[in-house]
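Worksheet for the structure shown next.
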Amino acid sequence: GVPYCIARKLTIPETVNLANMHTLAARVRRGAAPIDGAAVVIRANGDTLHLGHCENRDALTLEPGDVVERYLQDDDVVVFNRQPSLHMHGMQGHRVRLMPGHTFRMSLALAAPYNADFDGDEMNLHVPQSCGASAEVAALMGVAQNCISSQASRPVIGIVQDSLVSYHLLTLPDTLLTHAHACRLVGTLRLVARRLPPPAVVRYGGGKATPLWTGKQLFSVLLPPTLSTGASGSLPAADAPGELWDPGALPVRVQGGQLLSGTLRKAHLGTSAGGIVDTICRRFGGVACTRFLSDAQRMSHAYLLQRGHHVGIHDVVFSAEGHGRVSDRMEKATRLCAEIERAATPADAPAAEWAIQRLLGRMLLQAGGIVDEHMAEDNAIRRMVTAGSKGSFLNLSQICACLGQQSIEGARLRGDAFNEQRTLPFFAHDDHGLSCRGMVFNSFALGLAPTELFHHAVGGREGLVDTAVK
């Protein structure tokens with residue numbers, strides 16, 4: 001998406017011929033002000049006419065061989081770039097869509113190869129100045145021609161963030177949609193046939209039958225009819241004779257363009273090798289891949305508008321039992337660390353420090369396991385982590401259980417350069433406890449103590465310095 005105000009500053013020279021003479025003459029008559037006008041006319045003899053200063057434009061006649069510098073229009077080929085251009089996907093060819101506003105617009109799926117986000121990034125737009133250059137950009141630099149990275153041999157674009165959560169929720173085993181909801185989702189599609197398959201379930205109640213569609217059926221509308229991917233062979237064995245399989249534990253399997261089993265995650269819709277995006281691109285080409293991604297995002301947004309997905313305070317409230325278990329682990333880790341420090345001699349100090357760090361790291365992982373056990377399956381943050389759209393179980397552990405040990409250059413926090421053991425004046429001179437060395441026992445949900453907040457800021461400052469300097 002290119003704003004009108006930027007499109008009026010970028011021109012493309014177009015040579016007048018019998019095929020385009022009437023179109024270019026209409027642009028010349030409109031002048032330099034409107035977006036469907038033109039800026040300059042260059043005669044075949046070299047004379048230049050600036051239409052912004054030309055009053056009698058209706059008297060101008062174009063001859064074959066003249067050049068009209070027109071403004072950008074829909075479907076023009078341009079090169080989009082974000083600096084630093086670290087690899088070939090940092091400059092790609094796109095087609096223009098003129099839009100109101102003052103910012104460039106771009107699909108979220110295409111942000112990854114540019115390493116771009118939407119917090120004020122600046123990007124560059126280069127306009128080819130000849131038909132040959134435009135043809136080369138479209139044929140060699142287009143997004144559809146560069147879906148697969150030649151470096152890693154896997155896709156560089158895929159479904160991300162909110163669309164990924166949407167498809168994870170849509171393909172859960174218990175997701176059923178009514179006829180109205182299914183039609184709303186299918187109605188958003190533009191590039192594939194808008195067809196509604198037969199309902200998978202018919203629910204009888206109140207004297208009438210209600211047809212229902214599964215989310216897997218609606219996702220299958222996006223897939224090529226001959227696509228097959230995913231797990232092969234027999235289904236996993238049940239735990240006991242006669243026991244049913246857990247639908248949520250089945251692998252993702254696509255056969256004949258139908259998603260038969262499994263819940264979609266980042267491994268299937270992201271940039272992973274062997275996923276659905278990778279398979280479509282290799283078997284059906286880059287154009288089919290970009291069309292799939294375009295319509296997939298439309299359907300996912302429509303489903304999220306219906307279902308909704310939000311993180312509230314109830315998603316970070318931990319149970320009393322869970323807090324008790326985490327506190328027991330932290331007390332045990334504190335006791336073991338104190339024993340290590342008491343038993344260590346000056347010669348054993350490096351080994352003791354390494355043992356303490358390893359012990360605290362293991363304690364944080366165990367706290368994450370406790371959070372995983374006590375968090376409900378429908379927890380919003382857990383859904384995002386499971387889908388692969390944002391976050392990790394470590395983030396969830398730091399929100400609900402314990403922030404863990406803060407470090408600088410891989411080591412625990414230490415005192416200043418004047419042989420001072422304390423990290424803050426708050427602590428006593430002979431305090432060698434874990435809190436004095438940067439251990440944060442509280443979680444984000446409970447809130448940090450002032451000393452913990454300072455230690456956390458110290459660790460965060462190192463990340464900012466590394467970003468700016470290293």
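Heads up: numbering here begins at 1 and tracks the sequence. All values below come from the heavy atoms of this structure, side chains included, with hydrogens, waters and symmetry mates left out.
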Exercise. Using atom types as modelled and distance alone, determine if a side-chain donor or acceptor of Arg194 lies under 3.5 Å from a backbone N or O of Leu189.
Key: yes
Quiz item: Do the non-hydrogen side-chain atoms of His94 and Val143 ever get within less than 4.5 Å of each other?
Solution: yes
Quiz item: Does Val78 reach the side chain of Leu10, with side-chain heavy atoms less than 4.5 Å apart?
Solution: no
Quiz item: Hey, is Glu353 close enough to Arg437 for a salt bridge, meaning N to O under 4.0 Å?
Solution: yes
Exercise. For this output row, return yes or no: ring centroids of Phe80 and Phe104 closer than 6.0 angstrom.
Key: yes
Quiz prompt | Check: Leu394 and Leu364 side chains under 4.5 Å, non-hydrogen atoms | solution = yes
Quiz item: Would you say the side-chain atoms of Gln145 pair up with the backbone N or O of Gly286, donor to acceptor, closer than 3.5 Å?
Solution: no
Practice problem: Would you please name every residue forming a side chain to side chain donor-acceptor pair (under 3.5 Å) with Asp348, sequence neighbours left out? | Solution: Thr345
Practice problem: Using distance alone, with no hydrogens and no angle criterion, decide if Ser163 and Ser300 have a side-chain donor and acceptor under 3.5 Å apart. | Solution: yes
Practice problem: Measure the shortest side-chain to side-chain distance between Leu108 and Asp162 over non-hydrogen atoms and say whether it is less than 4.5 angstrom. | Solution: yes
Quiz item: Counting distance only, does the side-chain N/O of Thr175 pair as donor-acceptor with the main-chain N or O of Thr171 below 3.5 Å?
Solution: no
Donor-acceptor pairs are to be reported for all side-chain atoms of residues 179-187 against protein atoms at under 3.5 Å, with residues two or more places apart or in another chain.
none

Self-check item: His268 and Val254, any side-chain heavy atoms less than 4.5 Å apart
Solution: no
Quiz item: Taking C-beta and beyond as the side chain, do His323 and Leu446 meet within less than 4.5 Å on heavy atoms?
Solution: yes
Quiz item: Can you find a side-chain donor-acceptor pair between Arg283 and Ser228 that sits under 3.5 Å?
Solution: no
Quiz prompt | Worked check of side chain to side chain donor-acceptor pair (under 3.5 Å) between Arg282 and Ser153 | solution = CA-CA 11 Å; Arg282 294 182 188 278; Ser153 190; 3.3 Å; yes
Quiz item: Does the Arg97 side chain pair with the main chain of Arg95, one donor and one acceptor, at a distance under 3.5 Å?
Solution: no
Quiz item: Could you walk me through whether Asp295 and Arg298 pass the salt bridge (charged side-chain N to carboxylate O under 4.0 Å, His left out) check?
Solution: CA-CA 5 Å; Asp295 268 345; Arg298 294 187 180 101; 2.9 Å; yes
Self-check item: Pairwise side-chain contact, Gln73 with Val96, heavy-atom cut-off 4.5 Å (strictly under)
Solution: no
Quiz item: Can a salt bridge be assigned to the pair Arg382 and Asp315 using a cut-off of 4.0 Å between side-chain N and carboxylate O?
Solution: no
Practice problem: Compute whether any side-chain donor of one residue and acceptor of the other, for Arg154 and Thr271, lie under 3.5 angstrom apart. | Solution: yes
Quiz item: Are any non-hydrogen side-chain atoms of Gln92 and Val79 less than 4.5 angstrom apart?
Solution: no
Quiz item: Would you find a donor on one side and an acceptor on the other, under 3.5 Å apart, between the side chain of Gln129 and the backbone of Thr11?
Solution: yes
